[in-house]
Enquirer: 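Here's a structure for you.
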Amino acid sequence: MHLSGHLDRMTPDQLALVRDAVAVHKTVRDELADAVPCWPLGLPGWTDEWPALGMRVPGGRTSYLSVWRRGGDGDLRVEARNLPGAVVSAEILHPTRTTGSVAREGGGDGGGLRVSLPHVPGVLLMRLRHA
């Protein structure tokens, strides 16, 4: 984990988000140490509206997915073929208080995930459980 920027200039709400992120990181950092990165939307470009980073945990039953909305439509579809296995469940870990959402679509090898973030900028960190 790396914190940078002007933390001393943040509002109380912004600092609460940082505290939330640090707390969540502490719960997943042991799994992330051996995880392998993947880019379910492809390698991000400098101006992409929706960058995404996945982290595949060894053993194949869990992965983490972070998505950032920097513009564009408020909904994103992540195809199943771009995820590391059929998703059984998706849980938002950060921010713990969010207006964003994630839902499974389809089943088996079809479908994928529908991620919604109504505000720009926005971010979600999700834990995905796989079959």
Side-chain angles (χ1 to χ4, degrees):
M1 170 179 282
H2 176 81
L3 297 177
S4 68
H6 295 284
L7 298 172
D8 59 324
R9 296 181 190 171
M10 290 184 164
T11 67
D13 287 342
Q14 291 170 327
L15 286 171
L17 281 171
V18 172
R19 278 192 296 277
D20 181 57
V22 170
V24 169
H25 176 75
K26 288 178 180 179
T27 68
V28 301
R29 65 182 168 196
D30 289 342
E31 287 183 300
L32 295 179
D34 295 321
V36 177
C38 64
W39 291 268
L41 303 177
L43 287 173
W46 189 257
T47 60
D48 286 358
E49 294 176 333
W50 281 91
L53 169 67
M55 297 293 290
R56 299 175 186 173
V57 176
R61 299 240 177 219
T62 303
S63 63
Y64 294 91
L65 176 63
S66 294
V67 296
W68 294 266
R69 180 176 174 214
R70 303 189 300 194
D73 187 53
D75 290 328
L76 170 72
R77 181 178 167 87
V78 182
E79 300 293 333
R81 68 178 177 275
N82 297 330
L83 297 169
V87 175
V88 173
S89 67
E91 169 191 10
I92 296 174
L93 300 179
H94 175 76
T96 53
R97 293 175 45 207
T98 182
T99 56
S101 64
V102 61
R104 288 180 46 231
E105 288 189 333
D109 291 335
L113 296 174
R114 170 75 57 192
V115 179
S116 295
L117 276 170
H119 304 290
V120 174
V123 64
L124 289 179
L125 168 63
M126 297 157 276
R127 177 186 292 127
L128 308 179
R129 301 285 186 196
H130 305 282

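Since the structure is predicted, the reported quantities are computational estimates derived from the model, not experimental observations.
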Enquirer: Under the rule for side-chain hydrogen bond (donor to acceptor under 3.5 Å, both in side chains), what residues qualify as partners of Asp20, not counting sequence neighbours?
Expert: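 Residues passing side-chain hydrogen bond (donor to acceptor under 3.5 Å, both in side chains) with Asp20: His94, Thr96.
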Enquirer: Side chains of residues 4-13: which donor-acceptor pairs under 3.5 Å do they make with residues two or more places apart or in other chains?
Expert:
{"residue": "Thr11", "atom": "OG1", "partner": "Gln14", "partner atom": "N", "Å": "3.1"}
{"residue": "Thr11", "atom": "OG1", "partner": "Gln14", "partner atom": "OE1", "Å": "3.4"}

Enquirer: So that I can tick it off, tell me whether Arg29 and Glu31 are bridged by a salt bridge, with the cut-off set at under 4.0 angstrom between side-chain N and carboxylate O.
Expert: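 No salt bridge links Glu31 with Arg29.
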Enquirer: Give me the atom names and distance for the closest heavy-atom approach of Pro118 to Thr99.
Expert: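 Heavy-atom minimum between the residues: CG-OG1, 3.1 Å.
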Enquirer: Taking atom CZ of Arg61 as the centre, report whether more than 12 heavy atoms of other residues, nucleotides or ligands fall under 6.0 Å from it.
Expert: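 No, CZ of Arg61 has 12 or fewer neighbouring heavy atoms, counting only those of other groups under 6.0 Å.
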Enquirer: Could I get the full list of side-chain contact (heavy atoms from CB on, under 4.5 Å) partners for Arg127, not counting sequence neighbours?
Expert: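 With neighbours one apart ignored, the set is Val28, Thr62, Tyr64, Glu91, Leu93, Arg129.
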Enquirer: Of all residues at least two apart in sequence or in a different chain, which pass the side-chain contact (heavy atoms from CB on, under 4.5 Å) check with Val22?
Expert: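 Val22 satisfies side-chain contact (heavy atoms from CB on, under 4.5 Å) with Met1, Leu3, Val18, Lys26 only.
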Enquirer: Quick one: does Pro121's side chain get under 4.5 Å of Arg70's, heavy atoms only?
Expert: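 When only atoms from C-beta onward are counted, Arg70 and Pro121 do not touch, as no gap falls below 4.5 Å.
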Enquirer: So, for Ala52 and Val67, which heavy atoms are closest and what is the spacing to 0.1 Å?
Expert: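 The answer is CB-CG1, 3.8 Å.
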Enquirer: Can you name the one residue among Val88, Val78, Leu65 that meets side-chain contact (heavy atoms from CB on, under 4.5 Å) with Leu128?
Expert: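 Among the candidates, only Leu65 passes.
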Enquirer: Between Leu17 and Pro95, which heavy-atom pair has the shortest distance, and what is it?
Expert: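 In terms of heavy atoms, the two residues are closest at CD2-CB, 3.7 Å.
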Enquirer: Any non-hydrogen side-chain atom of Met55 less than 4.5 Å from a side-chain atom of Ser63?
Expert: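 Met55 does not reach Ser63 side chain to side chain.
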Enquirer: Name each donor-acceptor pair under 3.5 Å that joins a side chain in residues 39-51 to protein atoms two or more places apart or in another chain, with its distance.
Expert:
{"residue": "Asp48", "atom": "OD2", "partner": "Gly45", "partner atom": "N", "Å": "2.7"}
{"residue": "Trp50", "atom": "NE1", "partner": "Asp73", "partner atom": "O", "Å": "3.0"}

Enquirer: Report the residues that fulfil side-chain hydrogen bond (donor to acceptor under 3.5 Å, both in side chains) with Arg114, sequence neighbours left out, ordered by chain and then residue number.
Expert: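 Checked Arg114 against side-chain hydrogen bond (donor to acceptor under 3.5 Å, both in side chains); matches are Glu105.
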Enquirer: With sequence neighbours left out, what residues match Ile92 under side-chain contact (heavy atoms from CB on, under 4.5 Å)?
Expert: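 Result, side-chain contact (heavy atoms from CB on, under 4.5 Å) vs Ile92: Thr98, Val102, Leu124, Met126.
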Enquirer: How close do Leu117 and Arg69 get, counting heavy atoms only, and between which atoms?
Expert: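 Minimum heavy-atom contact is O-NH1, 2.7 Å.
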Enquirer: Would you say Leu32 and Val36 are hydrophobically clustered, going by side-chain heavy atoms of ILVMFWY under 4.5 Å?
Expert: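 Unlinked, Leu32 and Val36 end up in two clusters.
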Enquirer: Among all residues two or more places apart in sequence or in another chain, which pass the side-chain contact (heavy atoms from CB on, under 4.5 Å) test with Ser66?
Expert: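 For Ser66 the side-chain contact (heavy atoms from CB on, under 4.5 Å) partners, ignoring immediate neighbours, are Trp68, Leu125.
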Enquirer: Mind jotting down which residue pairs meet the side-chain hydrogen bond (donor to acceptor under 3.5 Å, both in side chains) criterion with at least one end in residues 116-126? Sequence neighbours excluded, please.
Expert: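 Those involving residues 116-126 are Asp75-Ser116.
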